Amino acid sequence: MNRLYSRLHLYFKLVRLDKPIGILLLLWPTLAALWLSSQGQPSWQLVLVFSVGTVLMRSAGCAINDYADRDFDRHVKRTAERPLTSGKISGKEAVGVAVVLALISFSLILPLNTLTKQLSVAAVLVAGSYPYFKRFFAIPQAYLGIAFGFGIPMAYAAVQDTVPMSAWILLLANVFWAVAYDTEYAMVDRDDDLKIGIKTSAITFGRYDVLAIMLCYAISFALILAVGWQAGLRTWFVAGMGVAVLFAIYHYSLIRERERMACFAAFLNNNWLGAAIFAGIALDYAVK
């Protein structure tokens, strides 16, 4: 029994359930899309399916990411003791965990329409290929934004059986947001990434990294504001966006000196930025 518990604990750490920040960064845009696509009245079944699916797919993504990066992570202080990198579990186990989680996630959307299922296949392909983009793509965080934001078109498809332009604009907004917060994250590992040859936006942007982050926040906010305003959202939505802007300004105060732990704190704080935007959307619909 103790051996089984120990193994499950390793799998728990492999899929980062002990570090839920990644789940939340996927969840807030997905919930926002559900509320916008349903005009504030998503069914509880869809909310449950997309919430659980977000947890499962992010967990599967972590397992695949660790498998792809197993030879790199041992050279990075922050990742050297991950279960796969440290040899506590095998590569086959990691892939097996990812496949099982992805299959369970797919089973959740079986009752939904065909378009949602088709988009889910694309989402898996994007998520599975993301770790390898770091080998050659100068700003892999942009690709991450697509992977982390694919719940947006899927949410619209599930509610409306179509993916309107507003969904793609929100996905683009998520790309810029992901570049912002994951560049903050990459600033923590920049020295190690330079040594091992991994490409990240923190390296690509160089001394303009802080400026690039703030510009990405600004573009993301402008796109979200445009979609929300066109949807008829006003007071609470604008208030939520205002809070998000304040969080972004706070992030600037953290990252401007480029200290590792301050940059990591800014990355983690994006949970509250995303929550503020979703809260503004949900509250605006609630008071209509």
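Source: prediction; values computed, not measured. We count residues from 1, following the sequence as given.
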Original post:
Taking only residues at least two apart or on different chains, which pairs with a member in residues 217-233 satisfy side chain to side chain donor-acceptor pair (under 3.5 Å)?
Top reply: Glu184-Tyr217, Tyr217-His251, Tyr217-Asn270
Original post:
Does Leu101 belong to the same Ile/Leu/Val/Met/Phe/Trp/Tyr cluster as Phe12, with side-chain heavy atoms less than 4.5 Å apart forming each link?
Top reply: yes
Original post:
Counting distance only, does the side-chain N/O of Asp66 pair as donor-acceptor with the main-chain N or O of Leu84 below 3.5 Å?
Top reply: no
Original post:
So which heavy atom on Leu268 is nearest to which on Ile21, and how close?
Top reply: O-CD1, 3.5 Å
Subject >> Within 6.0 angstrom of Lys117 NZ, more than 12 heavy atoms from elsewhere >> reply: yes
Original post:
Just how far is it from atom CH2 of Trp28 to atom OG1 of Thr30, taken to the nearest 0.5 Å?
Top reply: 11.0 Å
Original post:
Would you say the side-chain atoms of Gln160 pair up with the backbone N or O of Ala157, donor to acceptor, closer than 3.5 Å?
Top reply: no
Original post:
Measuring from Ile109:CD1 to Leu119:CG, what's the distance to the nearest 0.5 Å?
Top reply: 9.0 Å
**OP:** May I have the step-by-step check of ring pair (Phe, Tyr, Trp, His ring centres under 6.0 Å) for Trp35 and Phe278, ending in yes or no?
**Re:** CA-CA 9 Å; Trp35 256 253; Phe278 169 67; 5.1 Å; yes
Original post:
How far does CH2 of Trp177 sit from CG of Leu170, to the nearest 0.5 angstrom?
Top reply: 12.0 Å
Original post:
Given side chains that start at C-beta, do those of Thr200 and Tyr185 come closer than 4.5 Å, heavy atoms only?
Top reply: no
**OP:** Please check if Tyr11 and Val99 belong to a single hydrophobic cluster, counting links between Ile, Leu, Val, Met, Phe, Trp and Tyr side chain heavy atoms closer than 4.5 Å.
**Re:** yes
Original post:
Do Leu254 and Cys263 have side-chain heavy atoms sitting under 4.5 Å apart?
Top reply: no
Original post:
What distance separates Met214 CE from Ile219 CD1, expressed to the nearest 0.5 Å?
Top reply: 12.0 Å
Original post:
Is the Trp272-Phe247 ring centre distance short of 6.0 angstrom?
Top reply: no
**OP:** Specify the closest pair of heavy atoms between Ala60 and Ala102, including all atoms of both residues, with the distance to one decimal.
**Re:** CB-N, 4.3 Å
**OP:** Please examine the side chains of Asn65 and Arg16, heavy atoms only from C-beta on, and report whether any two atoms are closer than 4.5 Å.
**Re:** yes
Subject >> Arg58/Leu25 under side-chain contact (heavy atoms from CB on, under 4.5 Å): CA gap, chis, key distance, verdict >> reply: CA-CA 10 Å; Arg58 189 266 178 170; Leu25 294 175; over 6 Å; no
**OP:** Could you give me the CA-CA distance, side-chain angles and deciding distance for Phe221 and Ile277, then say whether side-chain contact (heavy atoms from CB on, under 4.5 Å) is met?
**Re:** CA-CA 9 Å; Phe221 294 160; Ile277 294 173; 4.2 Å; yes
Subject >> Pair Gln141-Ser201, side-chain donor/acceptor within less than 3.5 Å >> reply: yes
Original post:
Considering only heavy atoms from C-beta outward, does the side chain of Ile64 approach that of Pro131 to under 4.5 Å?
Top reply: yes
Original post:
Taking all non-hydrogen atoms of both residues, which atom of Ala138 and which atom of Thr204 are closest, and how far apart?
Top reply: O-OG1, 2.5 Å
Original post:
If we only count heavy atoms from C-beta on, is the Tyr181 to Asn269 side-chain gap below 4.5 Å?
Top reply: no
**OP:** Looking only at non-hydrogen atoms, find the nearest pair between Ala266 and Ile255 and report the distance.
**Re:** CB-CG2, 3.7 Å
**OP:** Please name the pair of heavy atoms, one in Ala167 and one in Ile152, separated by the smallest distance, quoted to 0.1 Å.
**Re:** O-CG2, 3.5 Å
Subject >> Tyr250, OH: over 12 other non-hydrogen atoms inside 6.0 angstrom >> reply: no
Subject >> Nearest-0.5 Å distance, CG of residue Leu211 to OH of residue Tyr208 >> reply: 8.5 Å
**OP:** Taking the side chain as every heavy atom from C-beta outward, state whether Lys88 and Lys13 have any atom pair closer than 4.5 Å.
**Re:** no
Original post:
Looking at CD1 of Ile281 and CE of Met241, how far apart are the two atoms once the value is rounded to the nearest 0.5 Å?
Top reply: 8.0 Å
Original post:
When you look at Phe150 and Ser120, which way does the side-chain contact (heavy atoms from CB on, under 4.5 Å) test go after all the steps?
Top reply: CA-CA 8 Å; Phe150 229 85; Ser120 75; over 6 Å; no
Subject >> Minimum side-chain heavy-atom gap Met187-Ile213 below 4.5 Å >> reply: yes
**OP:** Say whether, by atom type as modelled, one donor and one acceptor occur between the side chain of Lys288 and the main chain of Gly232 under 3.5 angstrom.
**Re:** yes
Original post:
Would you say Asn174's side chain and Gly145's backbone share a donor-acceptor pair under 3.5 angstrom?
Top reply: yes
Subject >> Heavy-atom side-chain contact between Leu108 and Phe50 under 4.5 Å >> reply: no
Original post:
Is there a side-chain contact (heavy atoms from CB on, under 4.5 Å) between Leu233 and Tyr285 once you walk through the steps?
Top reply: CA-CA 7 Å; Leu233 302 180; Tyr285 277 121; 3.6 Å; yes
Subject >> Set of residues satisfying side-chain hydrogen bond (donor to acceptor under 3.5 Å, both in side chains) with respect to Tyr130, sequence neighbours excluded >> reply: none
Subject >> Donor-acceptor pair between Ser129 and Tyr143 side chains, under 3.5 angstrom >> reply: yes
Subject >> Co-membership, hydrophobic cluster, residues Phe106 and Ile104, 4.5 Å side-chain >> reply: yes
**OP:** Taking Ser105 for its side chain and Met57 for its backbone only, find out whether a donor-acceptor pair lies under 3.5 Å.
**Re:** no
Original post:
Does Leu103 share a hydrophobic cluster with Leu125, counting links as ILVMFWY side-chain heavy atoms below 4.5 Å and allowing steps through other members?
Top reply: no
**OP:** Heavy atoms only: give me the nearest Met154-Ala123 pair and the separation to one decimal.
**Re:** SD-CB, 4.2 Å
**OP:** Could you give me the CA-CA distance, side-chain angles and deciding distance for Asp209 and Arg258, then say whether salt bridge (Lys or Arg N to Asp or Glu O under 4.0 Å) is met?
**Re:** CA-CA 9 Å; Asp209 50 2; Arg258 298 175 176 84; 2.8 Å; yes
Subject >> Ala33 backbone acceptor or donor facing Ser37 side chain under 3.5 Å >> reply: yes
Subject >> Val124 reachable from Phe148 in the ILVMFWY side-chain graph, under 4.5 Å edges >> reply: no
Original post:
Only one of Val55, Asn271, Thr54 forms a side chain to side chain contact (heavy atoms under 4.5 Å, CB included) with Leu27, so which one is it?
Top reply: Thr54
